[in-house]
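Numbered from 1 within each chain, the chains take letters A, B, ... in sequence-line order.
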Amino acid sequence: MPNTVFWFRRDLRLTDNPALLAAVSAAADDGVLALFVLDPMPLRAAGGPRVSHLVRSLRALDESLGGALLIRYGDPVEEVPRVAAAIGAEEVHIAADYGPYGRGRDQQVEKALTGHGVTLHRTGSPYAVAPGRVRKSDDSPYRVFTPYSKAWAAHGWRAPVAAPRAVSWLPAHDSAGPPSVPDLPDVDLPDAGEDAARERLSAFLDGPIRDYATERNRPDREGTSGLSVHLKYGELHPRTILAELARHRGVGADTLRNELCWRDFYADVLFHRPESLWESLDARVGGIRTDSGPRADERFTAWASGHTGYPIVDAGMRQLRAIGWMHNRVRMITASFLVKDLHLPWQRGAAYFLDRLVDGDYASNNHNWQWVAGTGTDAAPYVRVFNPVTQGKKFDPDGAYVRRWVPELAGVGGGAVHEPWTLPKPPDGYPKPIVDHAAERRETLARFDEVRA
DNA sequence: AGTATATTATC
DNA sequence: ATAATATAC
């Protein structure tokens, strides 16, 4: 096998990725150099947890492979041709995702490689079923989740590949260090790397999966799978999870399988309709009146910084800012608040989430925002407006989640923390609600009526 | 995977 | 009186 360059996009997506692993293993067995050339990392403070996870993940991978990975951080359009030339590479493998979307950089790299005598391969899909594979009998894509999920289950998925064999690598000789990681808050971030991912999966299957269906909605407890970040960085392949789930029975296994199906479904939607990343799938609902201007900007800032006066919203936004992760239930609540209570476009919130989330995935994030906004594939016959107080009381009944992330409310006991404005002595330093939920809900319903008419 | 209101069940 | 269930938007 000739010398080979492997370019992985910002998301590694190597682990258990059959095509990529086969190519990497073959190259490694021949003693050729394999490389990771990455997009420039977002080094703003906002990306801190993400940069941290990526660097730790790469180091773990390097360690598991004997410490001989050549890792470069830089613009792939420049770095891939440079490295390919330096090692006389005849092949370049690109791990592409989402098909039409995201091909832009690939094409730029491809263009930069023309005339260098290299063969370009696109390999790998970080999904259980590759986007575009599950189709209706007339070959058209599914537009609704439930029929897709049935076809997805019927389609089935390959078994995950085995872990890579022991490999012998040429010594790394690159001097470029990793990007500096911005100062991170003093909280525990999840461990990075394949071993950590598999440990998390085992720990989840050993217990939490039993009550996953309900506990996953409790931000005050550790009831989620915690696997999203590992999926994001390719430390765990969905097929690995599905293979393990096959050995478990029950509603918990069914629920996680369904979540993985959502992930595949939204990637599939993006594959077929790449414009859906930032354009509303339902143009009519997407045309709803939104607010802009200085007052809207102030409200956005209050939302992003966690100062809306609605405790569950503020707790979520502060958790996101602190650790680059937010509980999924709270993601829905905070997203609903931005769109339905503050009347801001969903794209603004989606962009902020992508900027901050360590597990932020284009397809899942943006299509879930469309779901919340009512512009997505899910055509509910009613307008979903999350009530932040009801949701808080229901899913954080004791208020423990709010107290953990909103220190101004730490002294308020029990579920009353979800409506501090009703307390005889509202705590100092915590803002009053910046809008009245009941009034804004009516406003949203009225604006929906405008586009429905 | 929503919310508000009405109805029925349960203490 | 409060909780579970049903229904409409």
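- A:Asp195 is linked by a salt bridge (Lys or Arg N to Asp or Glu O under 4.0 Å) to nothing, counting only residues two or more places apart in sequence or in another chain.
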Exercise for the section: Take nucleotides 2-11 of chain B nucleotide by nucleotide from the 5' end and write B, S or -, depending on whether a protein heavy atom sits under 4.0 Å from the base, only from the sugar-phosphate, or from neither. Expected result: BSS-------
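- Of the candidates A:Lys340, A:Arg348, A:Arg447, A:Arg447 is the only one forming a salt bridge (charged side-chain N to carboxylate O under 4.0 Å, His left out) with A:Asp291.
- When A:Phe386, A:Phe300, A:Tyr310 are each tested for a ring pair (Phe, Tyr, Trp, His ring centres under 6.0 Å) with A:Phe337, only one passes: A:Tyr310.
- Looking only at atom types and distance, the side chain of A:Arg329 has a donor-acceptor partner in the side chain of A:Gln391 under 3.5 Å away.
- At a cut-off of 3.5 Å, with distance as the only test, a side-chain donor of A:Ser276 or A:His367 sits close to an acceptor on the other residue.
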